[in-house]
Amino acid sequence: MEYRFNEIERKWRQRWVEQHTYEVKEDPSRPKYYVLNMFPYPSGAGLHVGHPLGYIASDIYARYKRMKGFNVLNPMGYDAYGLPAEQYAIQTGQHPAVTTEQNINRYREQLDNIGFSFDWSREVRTCDPQYYHWTQWAFQKMFNSFYCNTCQKAQPIEKLVQHLSQHGTEGLDAAQTEELHLTAAEWNAMSEAEQSRTLMNWRIAYLGEMMVNWCPELGTVLANDEVVEGLSVRGGYPVVQKKMKQWCLRVSAYAQRLLDGLDTIDWTDSIKETQRNWIGRSEGTEVLFRVKDSDVTFTIFTTRADTMFGVTFMVLAPESELVGQLTTPEQHEAVEAYVTRTKKKTERERQIATDKTGVFTGSYAINPFTGDEVPIWVSDYVLAGYGTGAIMAVPAHDSRDYAFAKTFNLPIIPLIEGCDVSQESFDAKEGIVTNSQGKDFSLNGLTVKEAIAATKKYVTEKGLGRVKVNYRLRDAIFSRQRYWGEPFPVYYDNGTPRMIPEECLPLELPEVKKFLPTETGEPPLGNAERWAWDTVNRCVTENSKIDNQTVFPLELNTMPGFAGSSAYYLRYMDPKNDRALVDHDVDAYWKSVDLYIGGTEHATGHLIYSRFWNKFLFDLGYSCEEEPFKKLVNQGMIQGRSNFVYRVQGTNTFVSLGLKDQYEVTPIHVNVNIVQNDVLDLEAFKAWRPEYNDAEFILEDGKYVCGWAIEKMSKSMFNVVNPDRIVEKYGADTLRLYEMFLGPINMSKPWDSNGIDGCARFLRKAWNLFWDKQGNFVPKEGTATPENLKSINKLIKKVSDDIEVYSYNTSISAFMICTNELAQQKCTDKGIFEQFVTLLAPFTPHIAEELWEQLGHATTVCDAPWPECQEQYLKEDSETISVSFNGKTRFTLDLPTDISREDAEKAALQAEATPKYLEGKQVVKVIVVPHRIINIVIK
RNA sequence: GCUCUGAUGGUGGAAUGGUAGACACGAGGGACUUAAAAUCCCUUGGCCAGUAAUGGCUGUGCGGGUUCGAGUCCCGCUCGGAGCACCA
């Protein structure tokens with residue numbers, strides 16, 4: 001009987017749809033399990049073989065869990081907003097919604113080909129108003145909340161307003177943009193608009209004037225994780241720093257909880273470490289410095305409080321507000337020129353620069369420990385956004401300060417016994433402190449660690465400063481000057497931002513005539529005036545105050561890509577709910593994602609924002625778990641394996657790999673789809689491109705062998721392998737199997753079609769177990785032999801163990817071994833075959849369903865119970881045990897398998913061959929270890 | 001610079017501290033066939049000895065250590081991949 005995978009796969013895919021096999025409902029009688037893949041951005045290029053890797057891995061696990069009796073949620077959807085569709089729209093005029101729809105349809109077709117157990121009735125798309133309703137809703141909740149440091153959670157903004165009106169900022173401990181001091185009277189005297197503006201200092205979603213990453217080419221600002229080495233991640237365009245008024249999310253308020261939460265979740269160390277780096281917690285001290293002949297004071301942040309006696313100058317960031325206050329008239333011109341020069345530099349230029357530049361302000365600060373006057377400089381090696389934007393410089397013990405001091409000839413005072421700072425600074429936090437004697441305070445003789453602690457204590461007691469924890473993590477910039485994103489549900493009342501009433505959500509994205517900024521430089525939504533006024537008239541009741549002559553009444557920015565992907569896992573639980581993001585009871589059932597699969601590239605983006613977003617919803621009681629993703633598995637990237645042909649220079653002749661060294665050749669990328677096992681299909685090559693029509697070849701052994709290299713999978717390298725082609729040629733089951741067989745899912749590896757035949761061969765062999773040469777169905781009741789039982793139980797044990805740790809490649813090896821054994825044993829027992837098919841079902845569902853039906857079952861194999869291993873069949877009566885002395889095998893013994901350790905020792909010592917090895921020697925101990933070895937230690 | 005990862009045949013990769021190289025690909029040999037494809041069987045880390053069965057030595061990036069026994073644990077390097085980085 002021939003294995004016709006095409007027919008079988010088509011049949012079952014259709015039946016799964018008809019019978020709603022993969023649709024799930026909340027079912028309190030069964031335990032739940034939530035499996036999730038990072039949903040894809042549907043790009044125009046379609047899926048390549050790398051994309052389904054994670055989906056297959058999670059599908060296997062989801063199917064396995066279902067067979068183990070869990071109610072499994074395994075949804076899929078699309079992260080549909082994004083720059084490529086919009087860039088394409090700008091070039092072609094094609095509406096992004098149209099291209100996105102097309103791409104989604106193509107993705108769906110490709111995904112359906114692979115036989116996933118997704119519950120498509122729960123599909124979400126971030127660009128669907130039914131979906132982004134809740135993205136906008138969450139934003140409004142953030143706008144109407146602040147973060148209370150005392151209770152460590154988000155609170156309604158009304159509580160803050162109440163506090164301000166009764167006590168001002170007195171006793172208020174909340175996450176804020178800058179430190180404000182207000183009395184209740186001052187607050188109450190403010191106009192409503194002023195109060196609204198002031199509240200931005202605390203809101204979790206706030207409008208802030210801040211330095212942003214501006215990308216002129218893309219015409220938009222970008223978040224920190226969207227910029228790498230001063231270039232935009234999308235497109236690689238330069239990014240400059242610019243001060244702009246933008247919507248921001250106060251992610252920094254959650255820094256400590258984001259850090260602490262990492263200890264409660266099962267993610268790999270490396271991705272946790274990446275997030276820890278990104279959050280960048282650093283414990284230190286803030287110290288207040290007075291300025292000579294002035295009332296001005298300023299604070300600096302340091303992690304090396306022990307080096308207070310080595311401060312020889314101070315440095316301000318060029319963007320610091322102190323620069324203006326501290327520059328003396330004589331230095332004004334020089335400082336001005338320096339600050340202007342810095343502004344013109346791109347982020348990248350500032351990062352690359354190794355030389356220290358700077359300028360003296362003319363002012364001096366007074367070291368609170370020594371009373372010394374030290375000059376205050378301005379330099380761009382100090383960052384405005386970190387700490388206080390000002391530092392105390394200790395050139396002896398900080399390499400950057402050292403370089404600056406050398407450049408400008410400033411003094412260097414060493415503070416560690418025996419350190420040599422003539423060539424470079426001594427940065428290590430170790431050694432014994434010296435040179436540190438003040439009026440009433442000395443650090444001499446202490447270790448660095450002790451000195452830091454002592455200084456902290458002193459500073460706090462004397463009111464010179466305080467202990468402070470700083471984080472690198474910045475607030476997320478939430479505005480994009482783009483069209484294809486969620487509109488902000490915000491209108492402006494004479495410049496004061498207000499939320500569109502909740503009952504008016506979703507605020508739908510309007511049609512626009514063009515996707516570029518308006519002539520006045522407004523974002524693309526500025527083209528949609530009609531939409532703006534209609535919205536205001538429809539939703540805002542008291543709109544009399546809005547000046548409809550001059551000011552555009554709605555927010556024109558749209559939200560960034562991470563907005564829609566931050567809470568999508570909650571929406572999958574209850575995707576059609578039009579009254580809430582997710583029903584409370586439904587959320588209480590599904591709780592959080594048990595297994596999340598996706599790439600590491602989202603470590604500092606989506607995976608931070610999502611955790612932040614969920615923690616916020618948790619604080620407000622909308623999500624019942626604090627961490628959204630309990631277990632995270634990162635699938636590796638699938639790289640491309642490119643093939644090359646070698647053209648003899650100046651000819652149209654191509655020489656095979658083994659002979660190319662005899663010629664002057666140019667390697668040329670050749671389409672991997674016309675190469676098999678590195679052998680070129682000559683006719684296909686000639687037909688590939690017109691210029692190769694009359695190509696000639698120099699062959700080796702009658703074949704043209706191509707060279708190869710591992711590169712990124714990309715169109716330009718002609719190494720993109722399309723899963724549809726593999727499915728067509730080998731079937732989806734073979735594709736699934738092969739992708740998993742390539743190696744552990746968390747490792748990056750090149751796609752190499754060379755091995756795929758092995759998996760196809762295995763499935764054919766497995767299929768052939770069920771029919772004899774005449775085409776008769778083999779399985780019969782009650783014919784199991786002990787060998788059959790041993791083989792299948794070995795398989796059950798191996799697959800059950802391996803699947804739990806996602807070691808699918810070794811499971812598949814076990815299947816191959818078992819298949820060969822059953823074939824050799826000429827197994828005919830129906831029970832054995834049923835167990836075999838059941839085990840196979842998560843991996844290769846189509847063939848498993850077909851065989852399951854052939855075995856006489858009317859129900860789907862998806863609900864067959866996962867077999868339990870019967871250990872008794874694995875045991876043997878006796879086995880050969882090697883006996884070794886001092887690590888070398890000397891002889892073997894046949895012993896019963898269930899023999900005790902003592903008896904084994906006795907048997908080994910009494911064995912006939914033993915004495916001659918023991919002559920004149922003393923037995924120290926006998927060690928019985930698993931795997932059939934007894935080791936006798938002698939002296 | 002700091003942090004995290006990894007290194008095993010021609011290739012992808014297996015090995016709870018216990019016979020390293022499972023399984024697969026590739027390669028070589030053989031069977032079947034007019035032929036090819038497909039299928040099946042055998043060999044396959046390296047070196048040495050033997051007509052052969054087989055035996056010996058060596059071997060998991062490098063150098064040490066712990067252990068009866070180390071790919072696995074510890075210390076010190078080399079090289080690759082990733083993250084952070086003028087973060088005070």
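Just so you know, these numbers use all the heavy atoms, side chains as well, and skip hydrogens, waters and symmetry mates. Model, not experiment: these values are computed from the prediction. Letters A, B, ... are given to chains in the order of the sequence lines, protein chains preceding strands, and every chain is numbered from 1.
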J.: Could you give the distance separating B:A7 and B:G21 at their C1' atoms, to the nearest angstrom?
T.: 16 Å
J.: In whole Å, I'd like the distance from the CD1 atom of A:I812 to the P atom of B:A22.
T.: 18 Å
J.: Can you tell me, in whole Å, how much space there is between the C1' of B:G46 and that of B:G9?
T.: 9 Å
J.: Check the distance between B:C41's C1' and A:N820's CG and give it to me in whole angstrom.
T.: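 After rounding, the gap between these two atoms is 12 Å.
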J.: Let's test your reading of the pairing rules: Watson-Crick or G-U wobble, both distances under 3.5 Å, then write RNA chain B as a dot-bracket string with ( ), [ ], | and dots.
T.: (((((((..(((.....[....)))((((((.......))))))(((((....)))))..(((((..]....))))))))))))....
J.: Hey, does A:L742 reach any base, or is it just sugar-phosphate, or nothing, if we go heavy atoms under 4.0 Å?
T.: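 Sugar-phosphate contact only - A:L742 comes under 4.0 Å of backbone atoms but never of a base.
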J.: Under 4.0 Å between a side-chain N/O of A:R761 and OP1 or OP2 of B:U39, yes or no?
T.: yes
J.: List in chain and number order the residues that pass side chain to side chain donor-acceptor pair (under 3.5 Å) with A:H606, two or more places apart in sequence or in another chain; answer none if no residue qualifies.
T.: A:Y596
J.: Would you tabulate the pairs of protein nitrogen or oxygen atoms and nucleotide nitrogen or oxygen atoms of nucleotides 72-76 of chain B closer than 3.5 angstrom?
T.:
none

J.: Out of B:A24, B:U3, B:A22, which nucleotide sits closest to the side chain of A:S813?
T.: B:A22
J.: Compare the minimum distances between each of B:A88, B:U3, B:C23 and the side chain of A:I391, then state the nucleotide with the smallest one.
T.: B:A88
J.: Spell out yes or no: do the side chain of A:K356 and the base of B:C86 have one donor N/O and one acceptor N/O closer than 3.5 Å?
T.: yes
J.: Distance check: side-chain N/O of A:N809 vs OP1/OP2 of B:A14, anything under 4.0 Å?
T.: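 Looking at the OP1 and OP2 atoms of B:A14, one of them is under 4.0 Å from a side-chain N or O of A:N809.
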